[in-house]
Structure formats: C-alpha cells, structure tokens
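Reminder, nothing fancy here: chain letters follow the sequence lines and each chain counts from 1. Below, all heavy atoms of this structure are taken into account, side chains as well, without hydrogens, waters or symmetry copies.
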Amino acid sequence: MNRPHRGAAGSRGLGTMEVKSKFGAEFRRFSLERSKPGKFEEFYGLLQHVHKIPNVDVLVGYTDIHGDLLPINNDDNYHKAVSTANPLLRIFIQRKEDADYSAFGTDTMTRKKNVLTNVLRPDNHKKKPHIVISMPQDFRPVSSIIDVDILPETHRRVRLYKYGTDKPLGFYIRDGSSVRVTPHGLEKVPGIFISRLVPGGLAQSTGLLAVNDEVLEVNGIEVSGKSLDQVTDMMIANSRNLIITVRPANQRNNVVRNSRNSGSSGQSTESSLPSSMPNILANFLQGEEESDEEDIVIEDSGEPQQIPKAAPASLESLTQTDLLHEPTQNGFLPSSQVSLNHSACSVCVEYEAQDSDPKSLEEDGTIITL
Amino acid sequence: QTVEHGFPHQPSALGYSPFLHLMAIGTRSGAIKLYGAPGVEFMGLHEENNTVMQIHFIPDQCQLVTLVDDNSLHLWSLKHHSGASELQEEHRFTLKGPPGSPPSATQITAVLPHSLREVLYLGTESGNIFVLELPSFRVLEDRTITSEAVLQWIPEDYCNRRSCELVEALQEHPKNPEQILIGYSRGLIVLWDRQNKKVTHHFLGSQQLENLYWQRDGSQFISCHYDGSYTQWPVSSDNRQSLPLETLVPYGPFPCKAISKIYWQTTRNGLPYIIFQGGMPRASYGDRHSISVIHGSQQTAFDFTSRVIDFFIIFSSEPTAEFDDPSAMVVLAEEELIVIDLKSDGWPAVHPPYLASLHCSAITCSHHVSNIPLKLWERIISAGNKQNVHYSNMPWPIDGGTNIAPDPPQRDLLLTGHEDGTVRFWDASGVCLHLLYKLSTVRVFLTDADPNDNMNATGEDEWPPLRKVGTFDPYSDDPRLGIQKIYLCKYSGYLAVAGTAGQVLVLELNDEDAEHVVDHAEADLLQDQEGYRWKGHEKLKTRDGPVQFEAGFQPFVLVQCQPPAVVTSLALHSEWKLVAFGTSHGFGLFDYQQKQLVFVKCTLHPSDQLALEGPLSRVKSLKKSLRQSFRRIRRSRVSSRKRRGRGGNTSEMHEANAKFDQDMLQEMELAPVQRKIEARSAEDSFTGFVRTLYFADTFLRDSSRHCPSLWAGTNGGTVYAFCLRVPPVERRMDEPVRAEQAKEIQLMHRAPVVGILVLDGHNIPLPEPLEVSHDLSKSPDMQGSHQLLVVSEEQFKVFTLPKVSSKLKLKLTALEGCRVRKVMVANFGSCKTDDYSENDLAVLTNLGDIQIISLPFLKLQIRYPCIRKEDVSGIASCVFTKYGQGFYLISPSEFERFSLSTKWLVEPRCVVDVPEVSSNNHMRDMSVVDNAARKS
C-alpha cells in the first residue's frame, strides 16, 4: 500500500520523506524534509504533538533497513534514522513506564513477530531471557576505532570515552621491548605495552584493546622515548578522552581492506557509513574540546555552572517547537499544512485502523529480507 | 648549575697543603673538593666515581695526588685559565707488579710525596715500596725498596718470626730528605737511606703499628699502635738499633682501641702538644669518635658526632722556625668539619665560613628570600652573633687562594626547616653558604626530652675528659616538631613557620631577650564532619605560662590545627596581619593582630578515609612491604643455594652464581612494573589536601571594586576563593576580619593545584605585601582587568576576573607526560641593559626538567634538564628564587645551586698563586730538574 506513496515521494524529488509513527495502536503519518531533519528535541516534540501526548515521557524507536528496532534519543541517531530511511521511516513510540527495552537490538522485527505469535509457541520466547544492557536513552559512544583510513593496517587507533565515574578505564601498562626493522637490521627497542585489563573495565568491555598490545601513541603523541611513568601521566591527563594507537598483539583480527570478500555486514557498513561517519566524527571532535573545558565555578549564589570560554560565543537559543496543528483524515497530503517554526518539515497526520498494522509490518519485513 | 653548598656527602679522605693553605676533601662518589679562603673552591670528579682513599699534595706545588679505591693514582693540578684557577686531572696511573704476582703486591697502602718533588714513594700490601717518578708516573724499578732488602739489615731473631707485612706509614725525615722512615704493620720501623739504599736504623716494635710521626728536629719520632699505646723512639747516629724512650697507653690500664694517627707538636714554652685519634678504653668508650689533645696538664678528648675520617694540624710551616707552635686542628668527621682553635684558652671551636653541616638535623623544607633589606639583615646577624659567643674569634685558618668573584649584588637568605623544630638562616648571597642565625621552636612546646638534659654536662673530674663538639644530631626527639613550611616577610620581619603536628607559629623579630606568653588558638578543620577518627600522632602539648626567648625571632601566636596533620601550605600577609594555613583536611585563616581565628574550611571529601588516618599508618605499611620484599629475595636466594649445594669446585660455584644472578635479572624483567591507567575521580584519596594558599587584592566579586581575597587550591583540583573584609588600620583592633566564600572552581582534570597567581591589568603578577609601601615595586594596575592563573600539576590555565571564564591554557602532561612539581614567578633581567626585565614562570617537572613559561601567554620558552628524574628528594627540595636561581639538595647535606638567569650568577671564581718559597732549602717551582741535579 505504500508503493504509490513512495512513487509520489520520488516524483517530488528527494526533499521529503514519509514518516509513519506508531504509538500504541495509533498510527500517524507525516513527512519530513530529508535534507533538513532538524534536531532530535524538535522531532520529539513533534511526535508528542502529532500523537497528542504532550506530557507523556516516551521512548522513540525506528526500524532500520535490517528490520532492527533501534532507538532514537539524540541528534546522531535521529540523523542516522532519517538518512537511512528508505523510503519510509517507521517510528515506534512506547511509554517510558512500560517500555520493553529488550525489544531494542538485533533482529527485533522477527522477534516482534514472535511476540505476536508467542501465544502459539510460548517456549520459543522463554528460551533466551534477555539481559537489559542499558537504558536506551543513555546510549553514548564508549569507544571507537578511528582513522582507519590513515593508519597502517597493523595499527589500531582506539578512542575511549570516560563518562563520570561509573566505570573504570581499567587497564594497566608496563615496560617491555619490541623488535623493529631498522636500517641496521632487526633491533630491540623499548616500548610500552598493555599489561592487564581489569575485568568489567571500559578497556576490556570494548574488546578493542588486549594484553600485550604495544602502545604507540597517546592522543597523537608518540610514546617512544618516554618513560612508563610519563606515559602513565599522559594517559591519565587525557583520560576523559583517551585516544591510544596500538599495535595489537594479535594481528589476525585486522580488517583486510580493499577486498570484497567480507560478509553481509561489510556491505551494510559500506552503504550506511559514508553518509553518517563524517557527521559523527565532527561531533566527537567538538565534544573533545568541550569535555576538557568543562571546569565548574560555583559563585557565591551556590549554583554550579560550567565555566564559559572567555571569547564570547553566541549560543544558539534553543527554540521551542511551536506547532500549528491541523488534523486531517485518511490519506497522505503532499503539501504541508503544519509548519514548524525552525525545523523545516512538513507534517501530515494520519489515522489508520488498527487491524492494518500487522499486515504492513509483514510487508516491510519481507521487503527487507530480500 | 653553578656551585654546591654545604658539606660533602660521605667524605672519605682529607688532605692539606701547608704551602698553599688549601684543604682537599675526597668523597665516596669520587669527587674531590678543594677549599681555601672563603670563596675559594675547586671541584673535580674522578671518572670512575670510586671512593677517594687518600689525598696528598705535592710539596710546594699546585698539584695533588689522589689514591682511589681501584688502586689508581691521579694527579691533579691547579691551572690558570682566563684569569681564574681551575682544577684539572693531568694523569692517571695504576701500579702493575711483575707478571703473576698477587694483586696485593701492588695494593697501595701508603703514599709519600717526597719533598724534592721528583718522586713518589708508594708503600704496598706486600711490604715493597715502589718509587714513581713525577710528574710522568714512571716506575723507577731500580729504586724499589723490597721487603727482602730491608730485612737483611734486621737481626735474625726478629725477622725469623714473620715477614714484614704491609707498609703502614712512610715519613720523610724533617731535616734530611735522604732519610725515610718506613713503618710496617707488624711493628718493625726502619730508617732508610735513599742514597746508599740501606737501612741505617731499625726500631723493633712489638705492637701492631698504626702510624708514625717525626718530631720537628728529627731527633725523635713517635709511633702509635693498635693496642692504644704510643711510643717515642730516639734517633741517634751512634746507635743503629734504638730502644724506645717511653711507651704510654694514655687511656689504660684496661684494653684500649687503636690510636690511628698521632701528632707531636713542639712549642716555644717546651710543653709539647700530643694529639692523637682514638685510643679510648674499649669497653666503656669504644663507640666514641674521639681525638685527644694533651698539652702539659691540659687534656681534652674531643668527642665527635660521627666517625672521624681524618684530621690535620695547622702549624708553623716555615722551615726555619724552631717550633711547631700549632694553631688549629682541622677534623673531618663523616658528617661535619670541625676546626679547634689550639691557641685560645679552652680550645674553642672555630665557626666555619663554609662546609656547613646543613643536615645537622634532617632538612624538611627550605624557603628562599631575595633582596633582604639591610636593616633586617643586620638584625638577624646580630641575633646570630649572640648565639655564637662560644665560638673562637680566630680568623679562618685555611686561607689559601684569592676570591676574585664580584661581591654579591644583593642579600639573599635561605631558610631551612629541620626535623628537630629548628629553622636555620643561611647567607645565600655568595658562594659560601654561611649560617647566620638558628631559630628553635621547641621552647614553645612540652616534649619528652628536656632540652637542658644534654650530654655536654661532663664533670671536671671525669675520665676520660670527653668534650662533645659539633652540631650534627640526626636524632630528633620528637618528629612532630619538624618544620614543614616557612614564610618570611622581609619588610615587616614577621615569620610564620608550620610543622608536622599542625602547629603554626607567627614570630616577630626582637633584638632583646624576652619572656612572654605565647597566645594559643586551636583550629578545628573538621568542623561539621562527623565520625572521623584521626589515627595519626597527637598534637603537641604547649608550655603554660611565660616562656623565655632569646633575642631573635620570638613566637607570639600559636595556632594548632585539629586533627594535628602536617601543615601542607602556608601564607602570611603582613599588611593585613593575616596568616593562612592548610592541611590535608582543610584550611583556616587567622588574624594575628587580634589573635582570632577568622574562619576554617573543610576540604575533605566524605569518602576520603585515608586522609584521616594520618601519615604514620602509611609509613608503617611501606616499611612492612619493604620487609616482605626483602624476605622474598632472601628466600629465593637461599633456595637457589640449596639447589646448587652439591656443586664441586669454586669455579662451578661462580658459574652457578652468575647464572643465578642472570636468572634473577630475567625474572625481574619478566615481572616488570605496571602502572594503572585510571582517571582521577572525586573519590580519590587526599583530594582535600590543601596544596597552595595565596593572598591577593583583586576583583573577586565585580569589576568595579577590588578587595582582599584568599585563594586556596587542593589536591583534587578545586580552587576556593574567599572575599576578605579587613578593617582599616585605625580600626584594625576594633572590628573583626570577615571572610565570605565567593567562588569555588573545580578543574575538570582534577589534578592537584600547585600554584595560584593573580596578574594585574598589565599582566604583571601582583606585588608581595608591603612591597609597594616600601617603594620597592610599582603599585599594581587596578584599572585593567585582572586575570587568575591556576597552575595544576598537569595544566596552566588563565581565567578572567571577576567573572571566571577560561581564557588560555597550556596542557603540559597531556603533551609531554611530565607533571609540574614546583612553580614560581621569576623575574629575568637582561644582562645587557638594566631597564629590561620580564616575569616568567619557572617550573620544575617531575622529570627534573626546568621549563620557563612566559606570562601571560603561557608559551614555553626554554627547557633545561636539571635534576635526575630518579632523584625524588632533589626534586622535592628544589626552591626557586625570585630572580631565576634555584637550590636543590643533591645529598642530605648539600645544596646545588643553579641559575636560569644570565644576570644573576653565583659561582666560585678564584685564583691560587704559588707563594714564594722563603727557604733556601727548597727551590722555587719550575726548577725540579735543576734541584734534583744539584742534590745528586
């Protein structure tokens, strides 16, 4: 049933994108400008508005091209959702109180079907009790592999993010020696190595660092010629945003680039990464500068504040989404009837009968698995 | 690096040239230092860093020979170089015996530079004496005096028993350079004739020989022995085998320790001075380090605080003079140099102008004040002079060389705080670090040991007549008395000192003795924190009632922190009459005019339990862990020994040993040290530790009004700012000082704050209190906006004031991996023009580098490696001066001085001229060959 719509969207050019939002049994349809999706907060306000649930805390999720249900809770994943929606962005809204966190993650769509059918096969669902990893709204990067395009394949540059004090970085370094090829032949040179990972620490849980990995750089500064204590101090000084370049002890897990024989996941990254990576990176870099600067000053009033930069920077005032709302009946309206103040999207709201829901889901599922 | 101050660490040898009036001290680390008149200093270093065993000046030359413990000889000479003298190593030489001879054959035990300067006699363990040509260090084989050659002149019945054993002493006849007295270890002494190569006299001693000394006229000599006796022997031309004149055991009749060195000094009045080292009764005084002086009926055994390395007597060196007439005795003990005036009654000590024993009690902190006003300087000196009445007035007897360094441009004081609760004031203006005044804070407190109960109180009739000399006293009665922080206001003469048990004393300079009550206050830094238990030491008990103080700095206010933890920071503002102090628990402000506590602030994080336990428990755990690790090593050694227990011959054992050592090394390599990488969090221990306190008159609240303020920085990266209201001078006593917290800055990287500084509108650091009113500094610019510089161990940050917003920063640790240990603003003047100078930050890092960072733009200007990074105590002891110099401890007893400024350099510059030789017996220098030719 949405094929004609897609055709219509296509004929209007790439500018807009259909959004189908579901909250409980209610569906709303509207469209967004693909090039200017706006901020997550605005989108969240919009959703609350179109579902007429202005004061209800909800979790927002969407289905990606693999049919996985993924959360939308910040600008990054919102943009990703918008950029990868093809052709329709399916939004699922849950009340925060009765949210089913286990629903998020891999293969949700198929399990969703199972949920629907688990009256018939209850044992299937119980086989794997799901672990609650985290509140989806807390999703934030804890580590990343960066600069893969610059570094030699034998090296790995890992960024660890430290938030608050909840989880330790959790690794130890030691002195050691490594063999290098030099003009004079093989030479033993002193080096710094990871000696231990604390179970449950950030370093271990990322899986990107391992014992006996040689540390080559800390935040872009070579460690060669520096003592263990110096490197320790450098790492601690950079601990809030630590970028370490290592030569992994186990070189077998290296990604061999420029080859096509990687699995299906390789394809998916190829299709989705190019658009989103620069965006995310830019955000991270911004974050780095700020995370260092956030000294706090408490004036005599007693209210802690972050210390601003002395150079006056004009902060964009956060604007409240002011919605003009006009409900319409059945059918997609190509022209915008509702306009947002700052985000340039047009909205169309659609009421759909509840019974059509499983069918459309099934339809999407088949499309994706193709 | 310019000059070393203080007493050489681990001295091992002493030498003196009566010709040059220079003294030489060698150390266990291979350094050799020459001292003459104040300011005349030279230093040399043996490459191998081996212990210097003996030092001998070549008679009538600017040369000396050192014997090092690898059995090598080194020839050093003083050479003129661009107007000043320098000490240079010229030659080195190792004596080689005939092939196949045991190493003992050439192990040198005694050295005699002959007065004719062309040869050196070397006594060895084998009993042979080798002759070495100077300055070429060539062995003159044909002149070797073998023990066999000597023994053929000795009666059979004596030499049948044993061989000669090693050569203990070699002494040249004072009148006849052709005769040499040779003393062998087993007691045989012979007089050898150089020309005829034969023994002319022999003296059959029965006791093991220690040393020999000729009387001035050569008619007698004296030998001293292992059993604590000394013997006089006559030398007459008719009797070839003399019998002893007299043998004495001065501290008999019970067994005595050896007399290791003896002097016999003749005087005009006929009564000789007999001066000898050791000889104390073995059982009751065997542990004393003594030198006894006997002159007629006077006898004193000087009891030194540490082992005596060597000593010499300064006496008339004129060859024509009839008598020795000793004037002074110079004793090098392990920890100090003591000079005794032998001319004055009672033989008082002479106050040394250099080689001061900095570590007479361990140094716990130091503080440097530049450019002391003349008035304060004179008052401190006069107070010091009153303390030094028991010293001799004798001018310093070691007066060789001429100091040609320019006079110091200003008066600088270095204050050292010691473990025993004393503060010493040193004149640090020039090359010689000279003690001016000593302040003791002990009197304020009641301690276990009564200071009057000292060991000097020895009765008249006591035997042996011991007299304690020297100041070295490493044993502190009460470690709580230790001084941790010092602050001296050079304009007002107010001094604040703070100690280990949370005591803060404010002192005032008084030129008279006085007796008064010290006002006492307590500062409870834990205020509203409940449930903490201090496991450290107790606070010091104070003395009730008035206390007698001698002239000098006299305490009038005592603040005791509760809990009595070590005071970690201290600041005094003499204009506002406020003193601020901080410990690991918090900080407080005290008004010493009204003698009232203004406020206290607890900086403790609730989870920081470690801070409360006090330092002692942690020390214990360290000791324990050390002990455990030693035990582990020992156990592994023992087990490995068992394993190779059945090993046959020694070479196998050696092999196994070497293999074992290698295994140990490898084992050590296999389990290397590892370092935990963890971000600092608020819960880390000692975050509340107050690292720095700073008074500033600046714009804290708004940009229109400035007010006095107090800033405090903690180990956890927090900066507190308090706005102070100090009443105007006329109502200073009537209205209370008020304080209000205005700001609290939390640095997100949470590194310890080591420095806080406010820059005025012209980016110049605010002047010290009273500096402006004494017209010594321009008043700060109060129009432009002020800036706050916060230096943490990891970063430098500049914030605007009064609204705190970050303006600039320099990350140090994140880029270089080094951390700031010390920071100080230094004024760098140009050495070319007088009117240009700039203020920069002098920074010492944990790697021992010194970096200069410009203000206010925080640009790294230059970096010097200064202290070895392993030298933790050196780095911890470093102090910077206001004009770009600095001091740090290179050993417990020595300060190394360095200068970062081209304008202010303090280094020795001196000339040693070869004096005219007045005697006709001895020729002028340069004519060695002539001289030798004429003699032969």
Side-chain angles (χ1 to χ4, degrees), chain A residues 160 162-166 168-177 192-196 198 201-203 215 218-221 223 226-242 244 290-300 302 304-312, chain B residues 669-684 700-701 717-723 740-751 785 787 790 792-795 797-800 802-809 811-819 845-847 869-870:
Chain A
L160 297 175
K162 174 91 178 121
Y163 299 91
T165 56
D166 48 349
L169 283 169
F171 66 102
Y172 290 75
I173 56 171
R174 63 167 170 88
D175 277 320
S177 58
I192 303 287
F193 295 84
I194 294 176
S195 60
R196 187 152 86 86
V198 175
L202 195 56
V215 179
V218 175
N219 287 53
I221 295 152
V223 303
K226 291 199 160 59
S227 70
L228 182 66
D229 288 323
Q230 252 175 301
V231 177
T232 308
D233 284 341
M234 282 169 72
M235 286 191 176
I236 290 172
N238 288 308
S239 61
R240 299 182 67 76
N241 174 42
L242 184 61
I244 47 181
E290 271 153 26
S291 72
D292 259 13
E293 281 304 327
E294 56 193 20
D295 297 340
I296 293 167
V297 62
I298 302 171
E299 299 283 345
D300 33 4
Q305 298 167 345
Q306 277 192 10
I307 296 180
K309 288 230 181 183
Chain B
E669 272 168 6
L670 280 178
V673 273
Q674 50 178 6
R675 294 275 183 275
K676 190 178 184 184
I677 307 298
E678 213 45 81
R680 265 183 298 274
S681 71
E683 281 88 51
D684 281 353
L700 189 54
R701 284 255 165 85
T718 314
V719 175
Y720 301 92
F722 280 76
C723 192
E740 223 181 311
Q741 180 161 353
K743 282 183 169 58
E744 182 180 328
I745 302 168
Q746 174 62 56
L747 301 176
M748 243 19 217
H749 62 285
R750 292 192 184 279
S785 55
Q787 294 176 65
V790 176
S792 79
E793 281 191 358
E794 296 184 352
Q795 297 186 5
K797 282 195 158 184
V798 175
F799 299 94
T800 58
K803 177 145 178 53
V804 177
S805 46
S806 67
K807 198 173 169 192
L808 262 180
K809 72 169 170 185
K811 286 194 201 173
L812 190 70
T813 313
L815 298 175
E816 295 179 30
C818 55
R819 308 168 63 106
T845 69
N846 65 338
L847 301 179
K869 70 177 176 202
E870 296 82 14

Using heavy-atom distances under 4.5 Å, tell me whether [X] contacts chain A through its side chain, its backbone, both, or neither.
{"X": "B/A751", "result": "neither"}
{"X": "B/F799", "result": "side chain"}
{"X": "B/L847", "result": "side chain"}

Can you name the residues that form a side chain to side chain donor-acceptor pair (under 3.5 Å) with B/E794, not counting sequence neighbours?
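So B/E794 forms a side chain to side chain donor-acceptor pair (under 3.5 Å) with B/R680.
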Which pair of heavy atoms, one from B/A814 and one from A/I221, lies closest together, and at what distance?
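Scanning both residues completely, I find the closest heavy atoms to be O-CD1, 3.4 Å.
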Looking only at heavy atoms, which two atoms of A/K226 and B/E816 are closest? And how far apart?
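Nearest heavy atoms, A/K226 then B/E816: CE-O, 3.2 Å.
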Working note: B/N846 + A/D229, criterion side chain to side chain contact (heavy atoms under 4.5 Å, CB included); need CA distance, chi angles, decisive distance, verdict.
CA-CA 10 Å; B/N846 65 338; A/D229 288 323; 5.7 Å; no
Roughly how far apart are [X] [atom1] and [Y] [atom2], rounded to 0.5 Å?
{"X": "A/I296", "Y": "B/E744", "atom1": "CD1", "atom2": "CD", "answer": "9.5 Å"}
{"X": "B/R750", "Y": "A/I236", "atom1": "CZ", "atom2": "CD1", "answer": "14.5 Å"}
{"X": "A/M234", "Y": "B/L812", "atom1": "CE", "atom2": "CG", "answer": "10.5 Å"}

Region of A/I173 that comes under 4.5 Å of a non-hydrogen atom in chain B
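When you check distances to chain B, atoms from both the backbone and side chain of A/I173 fall under 4.5 Å.
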